[in-house]
Amino acid sequence: MAATSPPLTSTQPSKNITHNSCVKLLVHNSNLQSIPSNFAFINDPTACTADSLPTVDFSLLTSTDLDQRSKAIHLLGKACEEWGFFVLVNHGIPETLLKGIIDASWEYYELPEEEKHRYEAKTPLDPIKTGSGNLVNNTNQRVQLWRDFVKTYVHPEFHCPPKPQILRDILFEFSEKTRLVARKLIQGVGENLGFEEGYIDEALEMDSMFQVFAANFYPRCPHPEQAIGIPSHTDPGLFTFLIHNGVDGLQIEHDGWWFNADSPPNSILVVVGDHLEVHMAGCTIYLLNLKTSQPYIFSNGRCKSVNHKAVLNSERDRVSIVVSHGPSRETVVGPAAPLVQKDGRAVYRSMKYKDYMEWLQTKSRLNGQSMLEQQRII
Ligand SMILES: O=C(O)CCC(=O)C(=O)O
Ligand SMILES: [Fe+2]
């Protein structure tokens, strides 16, 4: 952790920049040879490379060959249960659109600082936000993350920064296409869990799915083992989609090991979020504080939200596009009724998705702990 990091030197005086400053600016405008102390975060960026990562062929999920389709649904369910992660191929989203959104996000980061600073978060639920982010480590020191981000709510209301124009031109289409794919995946999970058709759409109010677009910029880092893009965490929601500019950096935890989540060209990396969860009986303190008394989390412990992190690259800047798909903000998410009936008990309590998101936005992330894990009592 940062407290044990070696003394740091720089070719420039160490700038103690505030958490909303732009990390790209700091890195690109100086010849940094070492990590400024406010970024110091000791981590091991090495990870295993899996022989094969779970892969879901989206085209088979909609295949008219029923045998193929049911195999694909089964593989999807297995990936959600065993890894909480999979590589999505043949998703039908044009490569030009994927490339376009990465280029547009890159252009966003080329904008003058004043333009980007317009969106520094004023309240946690601002629909458009930009910044860098920080966390409190376990010796209570604030650590700045080595990344810049812009986040915007794209559904059910569509928001987009006014510049650059190229982002405005394609973000709507990109969000719409990813949303349709996410919805099919969620229906597939429902089918694999044995739900009746339409059950999941209704229970999670998927017509009003809460969808958030984010573009992360991780500037090249002279010492990737002394700073972190995003430390280990789980995501809120159902499925997070991730693509990037060809620079790998996502790592996922599986069976106690960290794996590189390298992506084949034109694939989408999919991370299972807390609301399809999970493998532990967390949340209880928080939910009791909210005075809710219902069971929580949709798959009643069958699916698994996965710990993941973003590590840095010493040579190249990295852009990742992250699209989070959750239920409607007004939905009270709890274990699906058919599963509670089958299991004879609910493993989790219920909570409004909006409240969960709000809580999440106001918490600092602690290294190595998911949001839910922090609240775990058993
Ligand atoms: O950029 C990455 O690889 C990970 C991003 C991520 O996990 C997030 O934004 O929640
Ligand atoms: Fe994440």
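The shown structure was predicted, so the numbers you read here are calculated from the model rather than taken from an experiment. When a ligand or atom number is given, it counts from 1 through the structure's own listing order. All residue numbers refer to positions in the sequence shown, counting from 1.
An angle of 90° is found at the Fe ion (ligand 2) between His233 atom NE2 and His308 atom NE2, rounded to 10°.
In terms of polar-atom proximity, Tyr218 is counted as a contact of ligand 1, with an N or O under 3.5 Å from an N or O of the ligand. Considering backbone and side-chain N/O atoms, Asp235 comes within less than 3.5 Å of an N/O atom of ligand 1.
Atom numbering of ligand 1 starts at 1 in the shown order; those under 4.0 Å from a heavy atom of Ser320 are 1 (O), 2 (C). Set against the non-hydrogen atoms of Asn216, the atoms of ligand 1 under 4.0 Å away are 1 (O), 5 (C), 9 (O). Listed by number with element, the atoms of ligand 1 under 4.0 Å from a non-hydrogen atom of His308 are 7 (O).
With respect to the Fe ion (ligand 2), Asp235 has OD1 as its nearest N, O or S atom.
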Could you go through residues 96-107 and list every donor-acceptor pair under 3.5 Å that involves a side-chain atom there, pairing it with any protein atom two or more places apart or in another chain?
unit_1, atom_1, unit_2, atom_2, d
Lys99, NZ, Asp103, OD2, 3.0
Ser105, OG, Ile101, O, 2.8

Donor-acceptor list for residues 157-165 side chains, cut-off 3.5 Å, not counting sequence neighbours:
unit_1, atom_1, unit_2, atom_2, d
Glu157, OE1, Arg329, NH2, 3.0
Glu157, OE2, Arg329, NH2, 3.3
Gln165, NE2, Asp169, OD1, 2.9

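Contacts with ligand 1 closer than 4.0 Å are made by heavy atoms of both the backbone and the side chain of Leu250. Heavy atoms of Lys309 found under 4.0 angstrom from ligand 1: none, in either backbone or side chain. At a 4.0 Å heavy-atom cut-off, ligand 1 touches Leu242 through the side chain alone.
Taking 4.0 Å as the cut-off between side-chain N and carboxylate O, Arg69 and Asp57 do not count as a salt-bridged pair.
Applying the 6.0 Å contact sphere to CD of Glu110 captures more than 12 heavy atoms from other residues, nucleotides or ligands. Heavy-atom neighbours of Glu113 CD from other residues, nucleotides or ligands within 6.0 Å: above the threshold of 12.
Relative ring orientation between His254 and Trp83 is described as parallel, the plane-to-plane angle staying below 30° on a 0-90° scale split at 30° and 60°.
Tyr353 and Gly237 make their closest contact through OH-CA, 3.1 Å (heavy atoms, listed as atom of the first residue, atom of the second, distance).
Taking only non-hydrogen atoms, the option from Arg318, His244, Arg147 nearest to atom 3 (O) of ligand 1 is Arg318.
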